[in-house]
Number of protein chains: 2
Amino acid sequence: MLEARMQQADVLKKVVDAIKDLVQDCNFDCNDAGIALQAMDNSHVALVSMMLKADAFAPFRCDRNIALGINLSSLTKVLRAAQSNDELVIKAEDAPDVVSLTFESAEQDRISEYDIKLMDIDQEHLGIPETDYAATVKLPCAEFQRICRDLSALSESVTIECAKDGVKFSCQGDIGAGSVNLRSRQDVDKPENDVIIDLSEPVALTFSLKYLVNFCKASGLSKHVKLCLSAEVPLLVQYELLNQSHLRFYLAPKIGDEE
Amino acid sequence: MLEARMQQADVLKKVVDAIKDLVQDCNFDCNDAGIALQAMDNSHVALVSMMLKADAFAPFRCDRNIALGINLSSLTKVLRAAQSNDELVIKAEDAPDVVSLTFESAEQDRISEYDIKLMDIDQEHLGIPETDYAATVKLPCAEFQRICRDLSALSESVTIECAKDGVKFSCQGDIGAGSVNLRSRQDVDKPENDVIIDLSEPVALTFSLKYLVNFCKASGLSKHVKLCLSAEVPLLVQYELLNQSHLRFYLAPKIGDEE
DNA sequence: CATCGCACCT
DNA sequence: AGGTGCGATG
């Protein structure tokens with residue numbers, strides 16, 4: 001059986017909010033390492049990969065591999081019932097029909113329990129090759145979200161160009177063109193503003209802004225987001241969570257005249 | 001060419017916000033005196049007139065007359081990308097296809113540049129006669145905005161009556177009637193609350209509240225607003241900006257049974 | 001159903 | 001000033 005207690009129901013809520021528009025149904029794969037999720041979006045352009053390590057729960061118990069096939073719209077409805085600061089306990093039997101979510105107020109004076117029916121989902125398991133990226137950019141989530149939103153007012157696509165000392169986001173659209181240049185910066189007094197570029201080779205790639213704006217719904221999960229780019233491979237947009245847990249989005253670049 | 005740097009991108013943002021619902025497209029007329037704009041609203045009831053004097057910019061350079069025909073909805077989208085405290089540089093060539101807006105963060109570690117395509121706009125140039133108004137009322141923006149909003153819940157129109165020692169805003173509607181009386185007041189300790197009436201002749205006129213509410217979007221630009229009235233001529237609603245710059249709205253009174 | 005824009009509220 | 005909730009729209 002599975003029994004996992006999260007201190008902050010909010011975390012699961014934000015994770016699911018960030019992916020529910022990309023993926024309708026998917027398996028939460030549970031084993032003694034934790035709870036993992038991998039899914040492609042409907043149009044097979046983007047891929048979501050979540051890992052919540054066992055350490056992110058206390059306690060965490062999962063005797064054997066269990067795949068919980070869940071409709072994310074149903075899950076969203078249930079998670080809306082979580083109030084901030086509620087703890088969340090996730091429970092399932094070994095061959096479950098349902099998963100149970102229990103929300104407990106801090107003082108334990110309100111306990112809500114929801115069961116969600118499970119579904120069988122045939123999941124192509126996706127091997128994601130480890131890549132040595134040509135460039136990684138770590139920047140504040142809020143800044144990335146702002147850039148994506150601003151540029152999406154002008155165009156469907158953004159070109160991300162990484163150089164050693166800065167990163168440039170640019171787009172062209174019917175009403176005009178836009179670009180945002182961020183210089184790398186580091187400030188020990190305000191590390192939350194850091195923009196850190198790690199580059200082995202300059203790279204410039206073009207991506208759909210609609211997807212990037214969508215990924216940015218995860219902004220509340222972390223202070224920073226890491227963008228990893230290499231020519232001709234999908235962009236990795238990564239949010240680090242506590243205890244080496246993470247939420248990752250992969251997005252294939254646009255090629256040639258698609259832009 | 002034109003090159004004009006504003007210390008506060010916010011000012012242009014607020015000006016455009018205040019007029020974008022009245023006017024879709026209009027020319028920004030640039031010359032060595034500054035940047036001016038004049039346009040009638042679609043229904044030809046209201047007129048907007050903006051003047052940003054060269055002194056409001058530092059530096060300001062404009063070698064020859066340039067008319068920048070801009071779609072205000074496009075401009076709004078671009079100005080949304082301005083963050084508070086960003087500086088704004090406006091640039092255009094002498095016979096431009098585009099106008100360039102550059103937003104610079106205070107530390108210069110983020111520079112965003114947007115180009116907006118220009119359009120050809122045939123503009124009837126409007127001579128606005130200088131009028132000696134029968135009454136002028138200077139009052140806090142917030143107070144005027146509040147009055148217009150409150151009365152607009154009751155009626156489409158407001159009657160403004162100026163007397164020597166006070167001004168009365170009143171309306172009648174289906175659910176009842178409303179009126180707000182402001183006595184003139186002056187307080188050296190709180191000049192921001194001043195209500196100053198300058199009157200050569202009592203006057204009472206009726207105006208569309210919808211337009212007045214719209215004009216009040218400019219309230220963030222100034223502490224006070226000046227209302228200038230004379231019988232049978234348009235109301236002037238004036239916001240003074242720094243360096244003798246201003247934003248003015250003119251609104252024709254309603255006559256007779258239109259009220 | 002999802003997205004967008006506006007207004008309100010904190 | 002930013003976030004949230006609502007209403008309207010496609």
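Residue numbers begin at 1 in each chain, while the letters A, B, ... track the order of the sequences. FYI, side chains are in, hydrogens and waters are out, and symmetry mates aren't considered; it's all heavy atoms of this structure.
Note on ring orientation: taking the six-membered ring where Trp is involved, the planes of A:Tyr239 and A:Phe249 are perpendicular (angle over 60°, cut-offs 30° and 60°).
For the pair B:Gln83 CD and D:dG2 P, the interatomic distance rounds to 8 Å; values are reported in whole Å. In this structure, the CD atom of B:Gln145 is 11 Å from the P atom of C:dA7, given to the nearest Å. When rounded to the nearest whole Å, the span between NZ of B:Lys13 and P of D:dG2 equals 8 Å. Here C:dC1 presents its C1' atom at 11 Å from CD of A:Gln24, a figure rounded to the nearest Å. Whole-Å rounding puts the A:Lys20 NZ to C:dT3 P distance at 8 Å. One can place CG of A:Asn214 at 10 Å from P of C:dC4, the figure rounded to the nearest angstrom. Whole-Å rounding puts the A:Lys14 NZ to D:dG3 P distance at 12 Å. Atom CG of A:Asp21 is separated from atom P of C:dC4 by 11 Å (rounded to the nearest Å).
For A:Phe57, the ring-ring contact (aromatic ring centres under 6.0 Å, His included) criterion is met by A:Phe60, not counting sequence neighbours.
Applying the salt bridge (charged side-chain N to carboxylate O under 4.0 Å, His left out) rule to pairs touching residues 209-224 of chain B yields B:Asp21-B:Lys217, sequence neighbours excluded.
At a threshold of 4.0 angstrom between heavy atoms, the contacts of B:Asp10 are confined to the sugar-phosphate backbone, with no base atom among them.
To the nearest 0.5 Å, the span separating CG on A:Asp115 from OG on A:Ser100 amounts to 5.0 Å.
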